[in-house]
Amino acid sequence: MIMFALSEAPAVLRGYGALVAEAPDELTVMAGFLPGPAGEPVIFVCPFYSGPDLAAGAQWMDRLRVLGTPLVDQIGPMPYADALRMFDGGMVDGNHYLLRTRWLPALTDGTVDTLVDAARQVTSPFSALAVHHFHGAATRVRPADTAFGLRTDHLMTEIIAVWAPGDQAGPHREWAERTSAALAPQALPGGYPNLLAPEETDRVRLAYGANWARLRHAKRRYDPRDLLHAVPTLPPSGPPE
């Protein structure tokens with residue numbers, strides 16, 4: 001990934017938003033804020049170029065580098081399995097985690113300001129924000145072919161509040177909820193189901209969209225006793241709706 005100072009975050013995020021709007025299928029780029037070595041958050045961009053010709057991806061890496069003045073530049077080829085493990089070290093046994101999520105149609109000036117403000121006001125040195133880019137082949141799957149309900153280009157935002165054992169939960173929970181609420185006016189309906197809380201039934205319903213009724217029917221048919229909990233946000237079978 002490439003990391004930049006927090007002071008450069010507004011420009012980096014705006015440049016990121018413009019770049020992903022024209023990215024080819026082979027390129028996807030995460031962005032967000034991670035704890036920096038001095039305690040202050042840093043902004044990162046984490047590109048994955050998966051085309052057969054890595055040289056063709058070099059121009060995109062160069063465009064990301066000039067979004068600011070890199071503090072860290074770790075871009076290079078890596079096996080897919082290593083890429084999947086890149087963020088494993090950020091999950092520490094014993095810490096408390098609260099995740100919130102919003103689907104964004106794009107990065108507007110308003111959403112950039114909200115994300116930067118959240119990074120500046122973060123309450124824990126372990127907390128983070130991540131923006132995932134959904135585009136390309138995944139948007140060309142017909143909505144009725146899977147349960148996933150949003151098949152248009154969008155950005156999925158993760159708000160990750162983390163605090164150590166013994167720390168007061170209140171400030172960290174409030175930070176996550178406040179950030180989620182601030183993004184809500186510019187967000188798409190619903191949200192990524194894996195990150196929605198079980199009590200957010202209305203948002204879960206919107207997340208699955210037109211597939212909700214079919215999914216609930218499948219739940220009643222195959223799991224009438226509610227033994228399966230792989231999707232904690234899917235309400236119990238219950239009567240037909």
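Here the structure is a predicted model, which is why all the values come from computation and not from measurement.
Side-chain atoms of Y16 come within 3.5 Å of backbone N or O of V29 as a donor-acceptor pair. Under the 3.5 Å distance criterion, the side-chain polar atoms of D73 are left unmatched by any main-chain donor or acceptor of I2. Here the side chain of N211 pairs a donor or acceptor atom with the backbone of T146 at under 3.5 angstrom. T101 places no side-chain N or O within 3.5 Å of a backbone atom of L195 that could act as its donor or acceptor partner. At least one donor-acceptor pair under 3.5 Å links the side chain of Y97 to the backbone N or O of V92. At least one donor-acceptor pair closer than 3.5 Å links the side chain of E200 to the backbone N or O of A197. For the pair T111 (side chain) and L107 (backbone), a donor-acceptor distance under 3.5 Å is absent. No side-chain donor-acceptor contact under 3.5 Å links H217 to the backbone of L215. Between the side chain of R102 and the main chain of S180, a donor-acceptor pair closer than 3.5 Å is present. Put simply, the side chain of R151 gets close to the backbone of A138: a donor and an acceptor are under 3.5 Å apart.
Between H133 and A23 the shortest heavy-atom distance is CE1-CB, 4.1 Å. The shortest heavy-atom contact between L129 and A118 is CD1-CB, 3.9 Å. The minimum heavy-atom distance between A31 and L13, with the atom names listed, is CB-CD2, 4.4 Å.
F126 is listed as a side-chain neighbour of N95, based on a closest heavy-atom distance under 4.5 Å. Put simply, the side chain of S127 does not reach to within 4.5 Å of the side chain of I160, judged on heavy atoms.
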Decide salt bridge (Lys or Arg N to Asp or Glu O under 4.0 Å) for R140 and D25; before the verdict, give the C-alpha distance in whole Å, the side-chain angles of both, and the deciding distance to 0.1 Å. CA-CA 11 Å; R140 296 191 288 272; D25 282 10; 2.4 Å; yes

In sequence, state the C-alpha distance, the side-chain angles, and the governing distance for E22 and R63, and then conclude on salt bridge (Lys or Arg N to Asp or Glu O under 4.0 Å). CA-CA 12 Å; E22 56 178 292; R63 286 181 59 179; 3.2 Å; yes

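H172 and S124 share no side-chain donor-acceptor pair at under 3.5 Å. Donor-acceptor pairing under 3.5 Å is lacking for the side chains of R100 and T179.
Using a 4.0 Å cut-off between a side-chain N of Lys or Arg and a carboxylate O of Asp or Glu, R178 and D117 do not qualify as a salt bridge. D88 and R85 are not joined by a salt bridge, as no carboxylate oxygen comes within less than 4.0 angstrom of a charged side-chain nitrogen. Using a 4.0 Å cut-off between charged side-chain N and carboxylate O, D62 and R65 make a salt bridge.
In the displayed structure, E199 atom CD is contacted under 6.0 Å by more than 12 heavy atoms of other residues, nucleotides or ligands.
Within the model, atoms OH of Y49 and CH2 of W60 stand 9.0 Å from one another, a figure rounded to the nearest 0.5 Å.
You'll find the ring centres of F148 and F134 inside the 6.0 Å limit.
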